[in-house]
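To start, the structure itself, in structure tokens.
The structure displayed is predicted, hence computed values, not measured ones.
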Amino acid sequence: MSFSLSAWLVSAVAILLTGVAKGGFGGVFGGIAVPLMSLVMPPEAAAALTLPLLCLMDLSSVKLYWRRWDTHELRLMLSGALLGIGLGALAFGLLPAWSVKLVIGLLALLFAAQRLWLRFFPATPRQMGPLAGRIAGLFGGLTSTLAHAGGPPVLVYLFSRPLSKERFVATLAVFFTVVNLVKLLPYLALHLFTATVLWQCLLLSPLVPLGVWLGVRLQRRMPEQAFFSSAVALLALSGAQLVYSALV
């Protein structure tokens, strides 16, 4: 796989947006990279290219919130996430390229629709039990393996739990750090980390600290709603394009 200029530009924007989301806005739109990059490269390559960079971002977040996470919630969610990662790996290995693109596009559209719905119809979260935590972890692991888009199911669950803001962010950071590190194993088994992908990942890696730094700066200056609205629109457009290209 060779990179065109448009592929480099789209990849750079996707990694920067992900770093900004992780550094300044809690990583809510961490799943935006793969749908965007899948417009200019195969979805499997986009996922493989993004994963090591996500690991670097996650480790930085864990360092900031060291030992402030909720161990009980992590055990529940991670017990389901391991099964979800396995199912996601099977989907990558068995499904044809067009179907993976379709799944990723639909996930992007569903996530964007969920954020739009909550904007106009805010709901009071209801506290969920242990089974919900395991189910959230399962779907988080599954969608994270396919498109690094495991945020929605995990966020829905954690929003219902009686956690402080700092404990919430720390628990989320550790969950995705563990999930992304475990995902390295099936990605290696599926031979997704080609020499070309790793070389391109290395070239894009300087954008990781830049994106995180920009996220911190933007958090202080840019209205949060404006950032989220722009990210939702971009996610919806990329998802629609992926669904269209998979069906035609």
Side-chain angles (χ1 to χ4, degrees), residues 18 27-38 41-55 57-58 72-114 128-161 171-194 197 235 238-239 242-243 245-247:
T18 303
V28 176
F29 291 102
I32 199 173
V34 173
L36 275 178
M37 294 165 68
S38 295
M41 67 182 74
E44 297 88 346
L49 183 56
T50 307
L51 181 54
L53 302 176
L54 284 176
C55 289
M57 297 175 193
D58 289 329
H72 173 71
E73 302 295 355
L74 282 172
R75 286 174 179 170
L76 287 177
M77 294 189 298
L78 288 173
S79 64
L82 295 177
L83 176 59
I85 292 170
L87 292 174
L90 286 175
F92 252 141
L94 298 176
L95 295 176
W98 70 265
S99 61
V100 175
K101 187 178 291 189
L102 178 63
V103 169
I104 292 174
L106 290 174
L107 286 174
L109 288 174
L110 286 172
F111 188 20
Q114 180 219 26
M128 300 180 183
L131 179 60
R134 294 187 177 93
I135 294 174
L138 187 150
F139 281 101
L142 173 63
T143 55
S144 182
T145 303
L146 286 175
H148 306 314
V154 176
L155 286 171
V156 168
Y157 171 71
L158 284 183
F159 276 137
S160 77
R161 305 302 297 164
T171 303
L172 199 60
V174 175
F175 175 80
F176 282 112
T177 298
V178 174
V179 166
N180 285 331
L181 289 174
V182 172
K183 278 157 49 181
L184 291 171
L185 298 176
Y187 274 51
L188 284 168
L190 291 168
H191 306 290
L192 296 177
F193 293 128
T194 64
V197 166
L235 187 62
S238 61
L242 284 173
V243 170
S245 62
L247 296 178

Between [atom1] of [X] and [atom2] of [Y], what distance do you get to the nearest 0.5 Å?
X	Y	atom1	atom2	value
Leu138	Ile85	CG	CD1	10.0 Å
Thr171	Phe176	OG1	CZ	12.0 Å
Met41	Leu36	CE	CG	10.5 Å
Thr145	Leu51	OG1	CG	9.0 Å
Leu190	Leu90	CG	CG	8.5 Å
Leu54	Thr177	CG	OG1	10.0 Å

Note, [X] side chain near [Y] side chain (heavy atom, < 4.5 Å):
X	Y	answer
Leu192	Val197	no
Asn180	Met57	no
Val34	Leu49	no

Using the six-membered ring wherever Trp is involved, compare the ring planes of Tyr187 and Phe193 and label them parallel, tilted or perpendicular (cut-offs 30° and 60°).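 Ring orientation of Tyr187 relative to Phe193: tilted.
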Any idea which heavy atoms bring His148 and Ala47 closest together, and the distance?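 Looking at all heavy atoms of both residues, the shortest contact is NE2-O, 2.7 Å.
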Heavy-atom pair of closest approach, residues Leu146 and Phe92: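 Heavy atoms only, the tightest pair is O-CZ, 3.4 Å.
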Evaluate side-chain contact (heavy atoms from CB on, under 4.5 Å) for Met77 paired with Leu158, printing each intermediate quantity in order. CA-CA 10 Å; Met77 294 189 298; Leu158 284 183; 4.0 Å; yes
Salt bridge (charged side-chain N to carboxylate O under 4.0 Å, His left out) pairs, two or more places apart, involving residues 73-93: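 Every salt bridge (charged side-chain N to carboxylate O under 4.0 Å, His left out) pair that includes a residue of residues 73-93, provided the two are not neighbours, is Glu73-Arg161.
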Lys183 side chain to Ser144 main-chain N or O, any donor-acceptor pair under 3.5 Å?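 Yes, Lys183 side chain to Ser144 backbone: donor-acceptor pair under 3.5 Å.
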Does atom CZ (Phe139) have a neighbourhood of more than 12 heavy atoms from anything else shown, all under 6.0 Å?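 For Phe139, atom CZ is not crowded (no more than 12 foreign heavy atoms under 6.0 Å).
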Residues which pass side-chain contact (heavy atoms from CB on, under 4.5 Å) with Ala136, listed by chain and number, not counting sequence neighbours: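 Partners of Ala136 by the side-chain contact (heavy atoms from CB on, under 4.5 Å) criterion, ordered by chain and then number, come out as Tyr157.
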Identify, with sequence neighbours excluded, every residue that meets side-chain contact (heavy atoms from CB on, under 4.5 Å) alongside Leu106.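 Here the qualifying residues are Leu102, Val243.
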What residue among Val179, Leu184, Val178 forms side chain to side chain contact (heavy atoms under 4.5 Å, CB included) with Leu181?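 Answer after filtering Val179, Leu184, Val178: Leu184.
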